[in-house]
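One-based numbering, in listed order, for ligands and for the atoms of each. Since the structure is predicted, the reported quantities are computational estimates derived from the model, not experimental observations. Excluded from the calculations below are hydrogen atoms, water molecules and symmetry mates; all remaining heavy atoms, backbone and side chain alike, are included.
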Amino acid sequence: MEIKEETTKKPNLNFIEEIIENDLNSGKHKSIITRFPPEPNGYLHIGHAKSICLNFGVAKKYGGRTNLRFDDTNPVKEDTEYVESIKEDIKWLGFNWAEEHYASDYFEQLYQWAVELIKKGLAYVDDQTLEEMRENRGTVQTPGKNSPYRDRSVEENLDLFQRMRAGEFPDGSKTLRAKIDMAHTNMHMRDPIMYRILHTHHHRTGDDWCIYPMYDYAHGESDSLENITHSICTLEFDIHRPLYDWFIQQLDIFPSHQYEFARLNLNYTVMSKRKLLQLVKENYVCGWDDPRMPTICGLRRRGYTPESIRNFCEDIGVAKRDNVIDYTRLENSLRDDLNKKAQRVMAVLDPIKVVIDNYPDTSEELEAVNNPEDETAGTRKVSFSKTIFIERDDFMENPPKKYFRMTVGQEVRLRYAYIVKCTGVEKDENGNITLIHCEYDPATRGGNTPDGRKVKGTIHWVDANNHIEAEVRLFDRLFQSESPDKVEEGQTFLDNLNPDSLKVLKNCKMEKFLANTKALDKYQFERLGYFSTDYDSTENNIIFNRACTLKDSWNK
Ligand code: ATP
Ligand code: MG
């Protein structure tokens with residue numbers, strides 16, 4: 001008889017998945033629809049990636065769909081450039097949306113619904129200035145005061161609202177407000193503004209409108225129009241939820257529901273689009289895709305893979321309470337991914353020349369492993385000759401104890417090549433080493449020690465007679481402070497910028513293998529880290545970005 005183990009243990013679900021499973025099991029929804037609703041006022045960052053992975057991820061897992069909806073209700077800051085970049089980044093992350101929408105496509109419907117609310121006596125035109133409205137809003141402890149315009153007749157409201165739309169009134173002179181309760185304990189329910197007058201060109205609707213809906217009015221209604229079942233957003237919106245529900249109930253439309261999760265915060269990083277824009281506009285970085293930026297396009301240029309970002313988002317989970325994630329977790333995710341995938345090569349960033357005096361004047365080809373983590377990656381030939389480059393800091397004249405790299409009289413292994421022993425150095429008049437002399441042992445070809453003698457150190461090298469030169473860009477954290485947003489009085493987050501976040505190395509020496517590299521090709525430079533070819537790289541001016549070091553070097 002076959003014995004089946006009864007297991008009641010569910011696979012680990014996050015709380016959003018639990019809600020969805022319950023809704024599907026109870027029959028509340030036959031299938032689910034989520035949406036990702038970016039405002040096209042900047043490039044996407046790693047925080048958005050978290051939201052994308054969650055929204056697209058749960059829909060995919062439960063056989064549902066995800067819409068992309070541009071939340072373009074604020075014409076002042078929005079632009080088509082951002083729309084295009086957002087689409088590119090989502091696709092690059094590996095997700096496909098079912099439908100593409102724009103909140104601005106719903107402007108007419110939203111207007112008609114506003115008229116409906118006026119007719120029901122649930123909305124009114126207010127002539128108070130923003131200042132007056134703020135004053136009359138009350139505080140958390142004290143109730144607000146009703147607007148003197150609150151009891152306008154339905155007819156008057158309909159007439160004024162129509163004239164607001166027609167452009168009869170200047171910016172800021174009138175608003176449309178929901179008539180709820182000026183004494184409500186939730187401040188967002190104290191007659192919130194639904195429409196404001198803005199005589200501003202919109203990147204999609206042009207000059208069709210001079211009144212624009214507020215986020216709280218537009219968002220839930222847009223969700224409802226698309227039959228979104230689970231409208232997932234970040235925690236700061238939980239206080240908006242009663243209003244989200246109120247509009248949907250009063251209009252009696254498809255009951256979308258909002259669920260909140262903790263936004264992603266990363267240390268040593270700012271994520272507000274306003275601040276990222278400032279870094280770009282004021283040239284603290286070289287663009288939205290500067291490899292130091294936490295933007296998706298910046299991470300891509302840096303060398304991040306879609307998998308590494310998706311794995312990171314999966315790994316950190318979905319929290320209900322705000323927390324700060326350590327930046328090294330993002331880097332570790334990249335290391336794990338590139339360790340499996342990246343072609344290994346040898347490159348010398350800070351070269352010093354070594355001459356192997358007993359080596360013939362010919363050259364030979366040695367076999368090197370392309371990726372020890374992936375047998376199918378195979379091997380390649382690396383050229384070796386009498387003069388090679390090694391890293392300047394792989395040699396020490398007066399080494400401390402347990403120094404296993406190159407020093408006079410000590411044997412060291414040249415990766416894939418031979419065991420060599422340093423016999424002496426040449427110096428210039430200032431005492432700087434200009435050339436290192438070595439002798440090699442022909443019996444150790446491939447790095448073997450046939451007699452079993454112990455050689456502890458292995459260093460990388462590049463053939464000085466057969467190599468390419470390239471530029472390498474090394475990055476450090478963009479901010480020195482763990483929470484760049486926390487500043488003393490009179491300071492801004494800019495005061496926390498790390499002045500040494502970019503280091504450019506020219507004339508680095510590399511294997512010929514890299515001659516035909518293309519933008520975003522990824523490598524492990526042995527012993528140095530993971531590198532990705534930059535967009536600016538050309539055949540004659542090859543440029544690599546260091547994506548990350550081999551190990552976490554920050555926790556030292
Ligand atoms: P910012 O504050 O950087 O301007 P935002 O929230 O205004 O960001 P939106 O374009 O409105 O940016 O965001 C689109 C979606 O991404 C929203 O659902 C938002 O909740 C989510 N999102 C934004 N930042 C984060 C974050 N740090 N972690 C998780 N989700 C985020
Ligand atoms: Mg927003």
Side-chain angles (χ1 to χ4, degrees), residues 14-16 34-59 66-74 76-79 81-87 89-90 93 95 97 100-104 203 214-216 218-220 222-223 226 228 230-241 244 256-281 288 293-299 309-310 312-325 327 329-330 483-485 493:
N14 66 50
F15 78 97
I16 300 276
T34 60
R35 89 285 172 261
F36 176 64
E39 187 179 351
N41 62 348
Y43 283 66
L44 297 182
H45 52 60
I46 183 73
H48 294 115
K50 171 83 222 182
S51 171
I52 290 168
C53 289
L54 178 59
N55 276 296
F56 284 88
V58 292
T66 304
N67 289 348
L68 170 60
R69 181 186 333 123
F70 290 99
D71 175 22
D72 56 351
T73 51
N74 181 3
V76 184
K77 293 191 221 145
E78 295 162 4
D79 200 79
E81 173 198 348
Y82 299 133
V83 169
E84 293 311 314
S85 76
I86 288 168
K87 291 203 268 185
D89 288 348
I90 298 172
L93 280 173
F95 298 107
W97 50 92
E100 177 179 328
H101 291 293
Y102 295 79
S104 56
H203 73 110
M214 301 297 287
Y215 172 91
D216 278 327
H219 201 86
S222 303
D223 282 344
E226 294 173 23
I228 302 299
H230 298 80
S231 177
I232 305 168
C233 63
T234 41
L235 277 184
E236 66 274 22
F237 287 100
D238 71 338
I239 192 134
H240 297 245
R241 190 174 354 103
Y244 180 104
S256 296
H257 278 287
Q258 178 187 297
Y259 302 91
E260 306 89 16
F261 72 103
R263 65 170 39 234
L264 167 66
N265 299 304
L266 271 184
N267 59 6
Y268 296 98
T269 309
V270 298
M271 259 193 266
S272 124
K273 281 188 267 186
R274 183 179 60 75
K275 288 178 182 155
L276 296 176
L277 179 67
Q278 193 179 354
L279 291 173
V280 174
K281 283 261 155 80
W288 284 98
M293 291 279 272
T295 49
I296 306 293
C297 55
L299 294 169
I309 295 177
R310 292 202 304 264
F312 166 74
C313 292
E314 179 75 39
D315 172 52
I316 57 176
V318 182
K320 275 191 194 177
R321 276 213 213 138
D322 276 317
N323 57 358
V324 179
I325 303 289
Y327 202 95
R329 291 181 72 176
L330 179 59
S483 357
D485 289 319
F493 75 106

Which ligand 1 atoms, with their elements, are less than 4.0 angstrom from a heavy-atom of [X]?
X      : result
Thr234 : 20 (O), 29 (C), 30 (N), 31 (C)
Ser272 : 3 (O)
Glu39  : 9 (P), 10 (O), 11 (O)
His45  : 3 (O), 24 (N)

Kindly indicate whether the side chain of Lys281, heavy atoms from C-beta on, has any atom under 4.5 Å from the side chain of Leu277.
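Answer yes - side chains close enough.
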Any nitrogen or oxygen of [X] lying under 3.5 Å from a nitrogen or oxygen in ligand 1? Just yes or no.
X      : value
Lys50  : no
Ile232 : no
Gly47  : yes

Phe36 touching ligand 1 at heavy-atom level, < 4.0 angstrom:
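Yes; Phe36 lies near enough to ligand 1 that a heavy-atom distance drops under 4.0 Å.
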Quiz item: cation-pi between Lys320 and Phe261, 6.0 Å / 45°
no
Got a salt bridge between Arg69 and Glu100, using NZ or NE/NH1/NH2 to carboxylate O under 4.0 Å?
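Glu100 and Arg69: not salt-bridged.
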Looking only at the aromatic ring of each residue, does the gap between the centers of Phe237 and Tyr215 stay below 6.0 angstrom?
yes
At a non-hydrogen distance cut-off of under 4.0 Å, which region of Arg274 contacts ligand 1 (side chain, backbone, both, or neither)?
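It is neither; nothing of Arg274 touches ligand 1.
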Is it the case that atom CD in Glu314 sees more than 12 heavy atoms from other parts of the structure closer than 6.0 Å?
no
Among His48, Lys275, Lys273, closest by any non-hydrogen atom to atom 3 (O) of ligand 1
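Of the listed residues, Lys273 has the closest heavy atom.
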Looking only at non-hydrogen atoms, the one of Leu44, Leu264, Leu54 nearest atom 27 (N) of ligand 1 is Leu264
Run the ring pair (Phe, Tyr, Trp, His ring centres under 6.0 Å) test on Tyr102 and Phe70 for me, step by step, so that the C-alpha distance in whole Å, both residues' side-chain angles and the decisive distance to 0.1 Å come before the verdict.
CA-CA 5 Å; Tyr102 295 79; Phe70 290 99; 5.0 Å; yes
To the nearest 0.5 Å, how far apart are NZ in Lys275 and CZ in Phe493?
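So the NZ of Lys275 and the CZ of Phe493 are separated by 6.5 Å.
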Please state whether the rings of Tyr244 and His219 are parallel, tilted or perpendicular, taking 30° and 60° as the class boundaries.
tilted
